[in-house]
Amino acid sequence: MEVPLPTRALLLILASASALLGQADAREIVRRAVAADERNWKVARTYTFSERVNLKYLDSQGGVKSQEVRIQDVMLLDGSPYRRLVARDGLPLPPAEERKEQEKLARSTAERRDETTAQRTERLADYDRRPEWQREAWRELPEAFDFRLTSEEIWDGHSLYVIEATPRQGYQPRSRTANMLAHLQGKLWVDRQDYHLLKAEVEVVDTISVGLFLVRVAKGSRAALEQTFVNDEVWLPCRVQAFASARLGLLKVLRFEQEINYTKCRGFRTDSPGISQIKAR
């Protein structure tokens, strides 16, 4: 399961005996969390799920100008994801729109069935490249921040480390996507048993410019992630929230709130065309 990039970029714990010791312990916990996630995401991306996206566009005073709620089923179609719209604003799709979605799925199925070997290889390679690009910044996380071990919490039956993260002065990113880390601060909640990330909060503390200043994400924008354990094998997102203010070009300012809830998470079985059932812990 992928998480949208704006949001994911936008993404650990006991008080220490001394500041130096606390710094070292917290950084090691973050390293273990990153390593655990490296093992996890390759399983997570084979899962199908349903996502409920609630998107609100806001005015300059924070009032809601418009809102759309849509539900999409995300399936694996011949090895890569396919999103099918199934409901909007709490109602099933009108018959005409439902027919269009069915026709779109049929076309996509036929297109993938009729691909040449080279075309299929390139499509799957592109699917493989996307998470690799998105994860560049995540892999640099342990070195890009200073960490402070703050407390221990119990949440959803899990004993967690809690870590605050602030940009590390003088850090030189190794990848372009990691450049944004210097503009963020955050808080991480990590499972003490297996070091997987259960929750994360991140806030923009300095304007982020993307694409030669075509998009500028404002200070104060923030995002949060929650994950859950599924099928006794994988951690998957269950909720992502974001509030952001961004300037597009020279004039247009976009303010929005978004919440995405993930349900019906099912592992794709390679030994049959069926779907295994969820077993949430």
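As the structure is a computational prediction, the values presented were derived from the model and not from experiment.
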Asks: So which atom in Leu124 and which in Asp78 form the shortest heavy-atom distance, rounded to 0.1 Å?
Replies: CD2-O, 3.8 Å
Asks: Do you know the tightest heavy-atom contact between Thr207 and Arg216?
Replies: CG2-CB, 4.0 Å
Asks: Report yes if the side chains of Leu76 and Tyr82 come closer than 4.5 Å at any heavy-atom pair, otherwise no.
Replies: no
Asks: Of all heavy-atom pairs between Ser221 and Ala244, which one has the smallest distance, and what is that distance?
Replies: OG-CA, 3.4 Å
Asks: Specify the closest pair of heavy atoms between Ser175 and Ala137, including all atoms of both residues, with the distance to one decimal.
Replies: OG-N, 4.4 Å
Asks: Go through the steps to decide whether Arg83 and Glu101 satisfy the test salt bridge (charged side-chain N to carboxylate O under 4.0 Å, His left out), and finish with yes or no.
Replies: CA-CA 10 Å; Arg83 277 176 166 78; Glu101 287 294 322; over 6 Å; no
Asks: Counting N and O atoms only, with roles assigned by atom type, does the side chain of Gln241 sit under 3.5 Å from a partner on the main chain of Ala224, one being a donor and the other an acceptor?
Replies: no
Asks: Honestly, is Arg45 close enough over Tyr127, meaning NZ or CZ under 6.0 Å from the six-membered ring centre and within 45° of the axis?
Replies: yes
Asks: I want to check a possible cation-pi pair here: Arg168 against Phe145, using under 6.0 Å from ring centre and within 45° of the ring axis as the test.
Replies: no
Asks: Is the closest side-chain donor-acceptor distance between Arg135 and Thr177 under 3.5 Å?
Replies: no
Asks: Any link between Met180 and Val34 through a network of hydrophobic side chains (Ile, Leu, Val, Met, Phe, Trp, Tyr) touching at under 4.5 Å?
Replies: yes
Asks: Can you check whether Leu77 reaches Ser108 side chain to side chain, under 4.5 Å on heavy atoms?
Replies: yes
Asks: Determine whether the aromatic ring centres of His158 and Trp235 lie less than 6.0 Å apart.
Replies: yes
Asks: In this structure, which one of Arg88, Arg52, Lys56 forms a salt bridge (charged side-chain N to carboxylate O under 4.0 Å, His left out) with Glu68?
Replies: Arg88
Asks: Lys199 and Leu197: which non-hydrogen atoms are nearest, and at how many Å?
Replies: O-CD1, 3.2 Å
Asks: Going through the checks in order, is the salt bridge (charged side-chain N to carboxylate O under 4.0 Å, His left out) test met by Arg192 and Glu153?
Replies: CA-CA 10 Å; Arg192 293 185 61 201; Glu153 293 183 7; over 6 Å; no
